[in-house]
Amino acid sequence: MPTFRAPRGTRDLLPDEAARFNRFARVARDLAERYGYRPIETPLFEQAAVFERGLGEVTDVVEKELFRIAPRTEDSEAWALRPEPTAGIVRAYVQHGMHTWPQPVRLSMMGPMFRYDRPQAGRYRQFWQFDVEAIGDPGPAIDAEIVELGLRFYAEVGVRGAEVLVNSIGDPVCRPAYLGVLTSYYRRRAIDLPPTDRDRLERNVLRLLDSKDPAMAAINAAAPRITDHLCDACAAHLAGLRAHLDALGVPYRMAPGLVRGLDYYTRTAFEFYVAGREGQQQAIGGGGRYDGLVELLGGRPTPGIGFGVGLDRVALVLDEQANVAGARADAVDSGDLGTLDVVVVSADPDDTVGRLRVATEIRAAGLHARADLGRRKLGRQLEAASRDGAHFAVILGDELATGHVQIRDLEAGTQRAVATSDLARELARAVKAHRHG
RNA sequence: GUGGCCUUAGCUCAACUGGCAGAGCAUCGGAUUGUGGCUCCGAAGGUUACGGGUUCAAGCCCCGUAGGCCACCCCA
């Protein structure tokens, strides 16, 4: 039993997994760049009020999941680790006067988020998101761009069968009236509601719509739909989004029960899934429009939309899909596992300087090389090199006296002597041939 | 935050109704001192998650704590 371990709900990303996350970052960065979304980095913590006000005081995220930082002094302000990226980015938008930039401001970020809830597979207290925001465009064309960008990310990262569920949750003009209609609908049936759903009736009526209780299926099927109660502007917005998605050939499903957990959402709401998976932590990403958030955080009224991709869950899905297709297929195919071209070994256990010097020279030629600096016998060094995945070994031996070393092809089991002066050039050629062969 | 299941070496797992804790893989070393992947031999590695209790005796039974998992709540 180790004395210390990673805190509950957190985990170490060991090299294979960390390399995979590096690849996610690469894909995310490329994709954002191609779509014109510029990188931004905001602090991992903010004044707690940014989240309390932004996400809503009575949301679960704020009420029980916020990772609060104890004040250092009596008068220091209350901070909290970010539970989601949008509030911080919007805070930055306001603080730095981004309304003076060409609108909309397209931004992208990848990093860890923190929520103090109970861990489960695919649910961590520290988890990673790729996030994209477009602030300053009322849509709906930008909504379609965002949704399409999200689906593109899953495809490029190797997830098969990602799909998007779309809904509109109205805006301050029409949602209050709909909530009234919905509440009275459920109140009339209160005696038929399971206990948790009776609680939800008072806390957050919308949640009832996607209750998992089988007893609710019939009641929910007959419940008034928000899409039938949208004001003209919201209805037009939704129609516009659908028209754009259709025109772009983006497949999507309407989900009348889809609700989001944060107060800032208006109109467009969507979540990404992979169909047919077991377990409950199924959403692999989600987002929506937040037309009131900028104003809520002190800016002038400005519309916005964005989404976050749960990278830990993407990794989970890739593992599941790899179990069918062969372990870590995504990793091998895309070079996640890292490449090592050459290991420099020596017959002389004391010659560490020679091995370092030669490895340095090889690296200068652009190859991936490491020196074996142990005192193990030659065979062991070659064995280790082979298991590290190196294609070649450079062997320093007696030939050094005549200015030569051996280049050994670890897969073919063949080797030849070359002059040290030609080593880098010869190796570069061999590695290049190997990579393309 | 609620309920349930689980925890033995780095990993995957054994150990009859309580009776001295094992294997495979991985790691390290060796098989006459410059050549690996196969094979053989050997070593190291455990307060059986942690803390109590019952018992002559606890990995096994009881209680607590921590962690993991599952279902809720909720969400990525």
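Reminder, nothing fancy here: chain letters follow the sequence lines and each chain counts from 1. As a basis for the values below, the full set of heavy atoms in this structure was taken, side chains included, without hydrogen atoms, waters or symmetry mates.
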Which residue pairs pass the ring pair (Phe, Tyr, Trp, His ring centres under 6.0 Å) test with at least one member in residues 150-172 of chain A, sequence neighbours excluded?
Phe130(A)-Phe153(A), Tyr154(A)-Phe272(A)

Residue set satisfying side-chain hydrogen bond (donor to acceptor under 3.5 Å, both in side chains) with His244(A), at least two apart, ordered chain then number -> none

Not counting sequence neighbours, which residues clear side-chain hydrogen bond (donor to acceptor under 3.5 Å, both in side chains) with Glu411(A)? List them please.
His434(A)

Atom [atom1] of [X] and atom [atom2] of [N]: how far apart are they, to the nearest Å?
{"X": "Phe21(A)", "N": "A76(B)", "atom1": "CZ", "atom2": "C1'", "value": "11 Å"}
{"X": "Arg8(A)", "N": "U65(B)", "atom1": "CZ", "atom2": "C1'", "value": "12 Å"}
{"X": "Leu262(A)", "N": "A76(B)", "atom1": "CG", "atom2": "C1'", "value": "11 Å"}
{"X": "Asp117(A)", "N": "G67(B)", "atom1": "CG", "atom2": "P", "value": "14 Å"}
{"X": "Leu14(A)", "N": "C11(B)", "atom1": "CG", "atom2": "P", "value": "11 Å"}
{"X": "Gln120(A)", "N": "G4(B)", "atom1": "CD", "atom2": "C1'", "value": "12 Å"}
{"X": "Leu208(A)", "N": "C74(B)", "atom1": "CG", "atom2": "C1'", "value": "14 Å"}
{"X": "Glu65(A)", "N": "C74(B)", "atom1": "CD", "atom2": "P", "value": "10 Å"}

Looking at [X] and [Y], does any basic side-chain N land under 4.0 Å from a carboxylate oxygen?
{"X": "Arg435(A)", "Y": "Asp341(A)", "answer": "yes"}
{"X": "Arg357(A)", "Y": "Glu361(A)", "answer": "no"}
{"X": "Arg375(A)", "Y": "Asp350(A)", "answer": "yes"}
{"X": "Arg260(A)", "Y": "Glu271(A)", "answer": "yes"}
{"X": "Arg207(A)", "Y": "Asp60(A)", "answer": "no"}

Give, ordered by number, those residues of residues 403-416 of chain A having at least one heavy-atom distance below 4.0 Å to an atom of RNA chain B; if nothing qualifies, reply none.
Gln406(A), Arg408(A), Asp409(A), Leu410(A), Glu411(A), Gly413(A), Gln415(A)

Can you sort out which residues in residues 39-59 of chain A have a heavy atom within less than 4.0 Å of RNA chain B? Ascending by number, please.
none

Please measure how far the [atom1] atom in [N] lies from the corresponding atom in [M], and state the result in whole Å.
{"N": "C11(B)", "M": "C73(B)", "atom1": "P", "answer": "34 Å"}
{"N": "U27(B)", "M": "C62(B)", "atom1": "P", "answer": "40 Å"}
{"N": "C50(B)", "M": "A66(B)", "atom1": "C1'", "answer": "7 Å"}
{"N": "U65(B)", "M": "C5(B)", "atom1": "P", "answer": "15 Å"}
{"N": "C25(B)", "M": "C6(B)", "atom1": "P", "answer": "30 Å"}
{"N": "U55(B)", "M": "C60(B)", "atom1": "C1'", "answer": "13 Å"}
{"N": "C28(B)", "M": "G37(B)", "atom1": "P", "answer": "14 Å"}
{"N": "G10(B)", "M": "U48(B)", "atom1": "P", "answer": "12 Å"}

Give the C-alpha distance, both sets of side-chain angles, the deciding distance and a yes or no for side chain to side chain contact (heavy atoms under 4.5 Å, CB included) between Leu258(A) and Asp210(A).
CA-CA 7 Å; Leu258(A) 177 61; Asp210(A) 62 351; 5.9 Å; no

Need one value for [X]: base, sugar-phosphate or nothing, where a base atom within 4.0 Å counts as base even if backbone is also close, heavy atoms only.
{"X": "Tyr124(A)", "result": "base"}
{"X": "Leu311(A)", "result": "nothing"}
{"X": "Gly397(A)", "result": "base"}
{"X": "Gln126(A)", "result": "nothing"}

Quick one: the dot-bracket string of RNA chain B, using Watson-Crick and G-U wobble pairs with both distances under 3.5 Å, [ ] for crossing pairs and | for bases paired to another strand.
(((((((..((((.....[..)))).(((((.......))))).....(((((..]....))))))))))))....

Residues 416-423 of chain A side chain polar contacts: donor-acceptor under 3.5 Å, at least two apart:
residue	atom	partner	partner atom	Å
Arg416(A)	NH1	Glu426(A)	OE1	3.1
Arg416(A)	NH2	Glu426(A)	OE1	3.1
Thr420(A)	OG1	Gly403(A)	O	3.4

Summary of protein contacts for nucleotides 25-33 of chain B, nucleotide by nucleotide, where a base hit scores B, a sugar-phosphate-only hit scores S (4.0 Å, heavy atoms):
--SSBBS--

Validate the cation-pi geometry between Arg188(A) and Tyr185(A): distance from NZ or CZ to the six-membered ring centre under 6.0 Å, angle to the ring axis within 45°.
no

The complete set of salt bridge (Lys or Arg N to Asp or Glu O under 4.0 Å) pairs with one or both residues in residues 142-155 of chain A, sequence neighbours excluded, reads Arg106(A)-Glu145(A), Asp143(A)-Arg289(A), Glu148(A)-Arg152(A)

Sequence neighbours excluded - side chain to side chain donor-acceptor pair (under 3.5 Å) pairs with any residue from residues 44-56 of chain A:
Glu46(A)-Arg91(A), Glu52(A)-Arg68(A)

Could one point to a donor on the side chain of Arg5(A) or the base of G68(B) with an acceptor on the other under 3.5 Å away?
no

Please state whether the base of C73(B) and the side chain of Lys64(A) form at least one donor-acceptor pair under 3.5 Å?
yes

Using the closest heavy atom to pick a nucleotide of RNA chain B for each, name whichever of Arg125(A) or Leu378(A) lands nearer the 5' end.
Leu378(A)

Go nucleotide by nucleotide along RNA chain B from the 5' end; which of Arg207(A) and Gly9(A) gets its closest nucleotide reached first?
Gly9(A)

Who passes ring-ring contact (aromatic ring centres under 6.0 Å, His included) against Phe67(A), sequence neighbours left out?
Tyr116(A)

Who pairs with Tyr290(A) by ring-ring contact (aromatic ring centres under 6.0 Å, His included), at least two apart in sequence or on another chain?
Tyr264(A)

From C-beta outward on [X], which listed nucleotide comes closest to its side chain: [options]?
{"X": "Pro119(A)", "options": "A66(B), G34(B), G68(B)", "result": "G68(B)"}
{"X": "Phe127(A)", "options": "A76(B), A66(B), C69(B)", "result": "A76(B)"}
{"X": "Ser386(A)", "options": "G37(B), G67(B), C74(B)", "result": "G37(B)"}

Looking only at side-chain N and O atoms, does Arg118(A) come under 4.0 Å of OP1 or OP2 in C74(B)?
no

Looking at Arg200(A), does any N or O in its side chain come under 4.0 Å of the phosphate oxygens OP1/OP2 on C73(B)?
yes

Could you walk me through whether Leu66(A) and Leu55(A) pass the side chain to side chain contact (heavy atoms under 4.5 Å, CB included) check?
CA-CA 11 Å; Leu66(A) 208 55; Leu55(A) 316 194; 5.7 Å; no

Give a yes or no answer on whether the side chain of Arg376(A) reaches the backbone of Gln381(A) with a donor-acceptor pair at less than 3.5 Å.
no

